[in-house]
Each structure stands twice: as structure tokens, then as C-alpha cells.
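For the numbers below, each heavy atom of this structure counts, side chains included, while hydrogens, waters and symmetry mates do not.
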Amino acid sequence: MRLAVFASGGGSNFEAIARAKESGDLDASIELVVANRPDAGVLERAHTHAISTTVIRPEDFNSSAEYVEHLLRLLDNRHVDFIALAGYLKKIPLEVVGRFRHRIVNIHPALLPSFGGKGLYGRRVHQAVLDYGVRWTGVTVHLVDEEYDTGPIVLQEPVPVHQGDSVDALAARVLDVEHRLYPRALQLFAANRITVEGRRVTIHDRSQ
């Protein structure tokens with residue numbers, strides 16, 4: 001599996017993916033890190049792992065068509081066949097979703113379909129969880145489709161919400177699970193253990 005990681009922030013999930021690759025727990029090559037901000041911390045992390053990076057800002061192009069063409073050409077030149085979104089705050093263009101159907105995944109810091117959708121990311125998710133008063137939140141790895149956080153679910157793991165939790169305390173507990181769950185999900189795709197029919201994702205045994 002030839003992977004591109006898209007990120008907008010510090011890149012701790014990218015770091016977990018890179019370390020899984022280096023330890024042999026992920027059978028993939030990370031061909032490229034794509035950021036939409038030149039100050040994104042993920043870029044320095046990628047350089048530490050000797051992985052190529054690029055910054056692509058949709059607003060720097062004359063049209064959305066020009067942006068999409070540039071992005072697809074970049075992925076083709078690197079022979080990328082799978083995309084992992086790791087805190088990427090730009091919506092993936094429809095043309096890219098179509099080209100990489102069932103080959104783009106995202107990680108979300110809640111149990112979808114709860115606490116998902118446009119505008120719900122990062123600390124906003126954890127604040128919404130605390131405001132609502134639920135007892136459990138969690139992590140979801142899902143396939144990316146044309147809308148925010150609505151693609152078929154690959155893996156989920158619950159995380160308890162403790163009485164008196166702050167946003168920071170809850171976020172740290174959820175992030176620990178993200179770092180473990182995301183490489184595991186990617187390895188399922190790398191090992192060809194995933195099939196998708198409609199909204200149903202099937203994980204096959206290794207023997208199949």
C-alpha cells in the first residue's frame with residue numbers, strides 16, 4: 001500500500017502511523033505528507049522520518065478545477081493508492097473521493113454518527129461531548145465519502161467520560177486510543193482484509 005497522509009496540525013496521528021510502519025506493524029510505504037498550512041507541525045515530523053512533504057492551499061489556485069488537477073497529478077506522480085486523513089481540516093474534493101473510492105479513511109474523536117459533521121473537529125468535539133453529558137465517547141475510523149463524517153465505519157473503540165472531565169483530560173484519553181486504532185485500521189486495508197458493500201464494512205480473518 002502506497003500511502004499519502006493529509007494533515008493540518010501537529011501530526012500526532014501521522015507520527016503513530018509512521019512509527020507503526022517503521023516497527024513493521026504497518027505494511028505500507030508513506031509516499032507523501034500533504035498539508036494545507038506551511039506552519040503545520042506535521043511537516044517537521046515528516047522531515048524527521050525522511051518523508052516527502054508538500055503544502056497545497058486550495059485558495060492559491062485560480063479555480064477549484066486547477067486545484068483538483070494539481071492534487072490528482074501529485075498523487076499519481078507518487079503512485080499513491082491510499083489516503084489517510086489525520087486532522088486534515090479541508091474537505092476532500094469530490095473528484096478525489098471518486099478516484100479513491102473506499103481508499104480514503106479519516107479518524108474522528110467520537111463515536112459516529114454522534115458528534116460528527118461540519119465544524120465538529122478537535123476540541124470542539126470533546127466540548128460537545130461534555131456539554132451533552134454522555135457517559136461514553138470514543139474513536140471512529142471511517143471511509144471518506146462526499147459529506148463530513150458520514151462514510152462507512154471501519155473500526156470504533158469506546159472511551160469513558162469521567163465525572164469532572166475537562167476538555168484537555170478527555171482529549172488526551174481519546175488521543176491515546178486514536179494512536180493505537182488508526183495504524184491498526186490501515187493495516188487491515190494493507191492486508192486486503194476489508195470489503196465494503198454499501199454501508200457495511202466486513203473485516204475478514206487472516207486465513208480467508
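Under the 3.5 Å distance criterion, the side-chain polar atoms of Thr150 are left unmatched by any main-chain donor or acceptor of Glu146. Judged by distance alone, with hydrogens and angles left aside, the side-chain atoms of Asn106 form no donor-acceptor pair with the main-chain N or O of Val144 at under 3.5 Å. Between the Gln187 side chain and the Asp27 main chain, a donor and an acceptor come within less than 3.5 Å of each other. For the pair Thr140 (side chain) and Leu112 (backbone), a donor-acceptor distance under 3.5 Å is present. Using a distance-only test at 3.5 Å, with no hydrogens or angles considered, a donor-acceptor pair links the side chain of Arg124 to the main chain of Gly119. The closest donor-acceptor contact from the side chain of Arg57 to the backbone of Asn36 lies at 3.5 Å or more, if one exists at all. In terms of modelled atom types and a separation under 3.5 Å, the side chain of Arg2 and the main chain of Phe82 share no donor-acceptor contact. With hydrogens and angles ignored, the 3.5 Å screen pairs a side-chain donor or acceptor of Ser8 with a backbone N or O of Leu89.
Two residues are said to be in side-chain contact when any heavy atoms from C-beta on lie closer than 4.5 Å; Val139 and Gln156 fail this criterion. A 4.5 Å side-chain heavy-atom check between Tyr132 and Val161 finds every atom pair outside the cut-off.
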Could you go through Thr202 and Ile194, starting from their C-alpha distance and side-chain angles, then the distance that decides it, and tell me whether this counts as side chain to side chain contact (heavy atoms under 4.5 Å, CB included)? CA-CA 6 Å; Thr202 300; Ile194 296 284; over 6 Å; no
Apply the test salt bridge (Lys or Arg N to Asp or Glu O under 4.0 Å) to residues Asp165 and Arg173: give CA-CA distance (whole Å), side-chain angles for both, the deciding distance (0.1 Å), then the verdict. CA-CA 10 Å; Asp165 255 342; Arg173 205 155 56 249; 2.4 Å; yes
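The existence of a salt bridge linking Asp76 and Arg99 is confirmed by a sub-4.0 Å separation between a basic side-chain nitrogen and an acidic carboxylate oxygen. Ionic pairing of Glu157 and Arg180 is present here: one or more N-O contacts between side-chain nitrogen and carboxylate oxygen are shorter than 4.0 angstrom.
Nearest heavy-atom pair across Tyr148 and Gly117 is CB-C, 3.8 Å.
The aromatic rings of Phe14 and His49 stand perpendicular to each other, their planes meeting at an angle above 60°, with 30° marking the opposite boundary.
Both Val68 and Val34 are members of a single hydrophobic cluster when ILVMFWY side chains are connected at heavy-atom separations under 4.5 Å. Grouping the Ile, Leu, Val, Met, Phe, Trp and Tyr side chains by contacts below 4.5 angstrom, directly or via other members, places Ile153 apart from Val141. Cluster membership check: Val174 shares its hydrophobic cluster with Phe115, using side-chain heavy-atom separations under 4.5 Å among Ile, Leu, Val, Met, Phe, Trp and Tyr.
Atom-to-atom distance recorded for Ile203:CD1 and Leu188:CG is 5.0 Å, nearest 0.5 angstrom.
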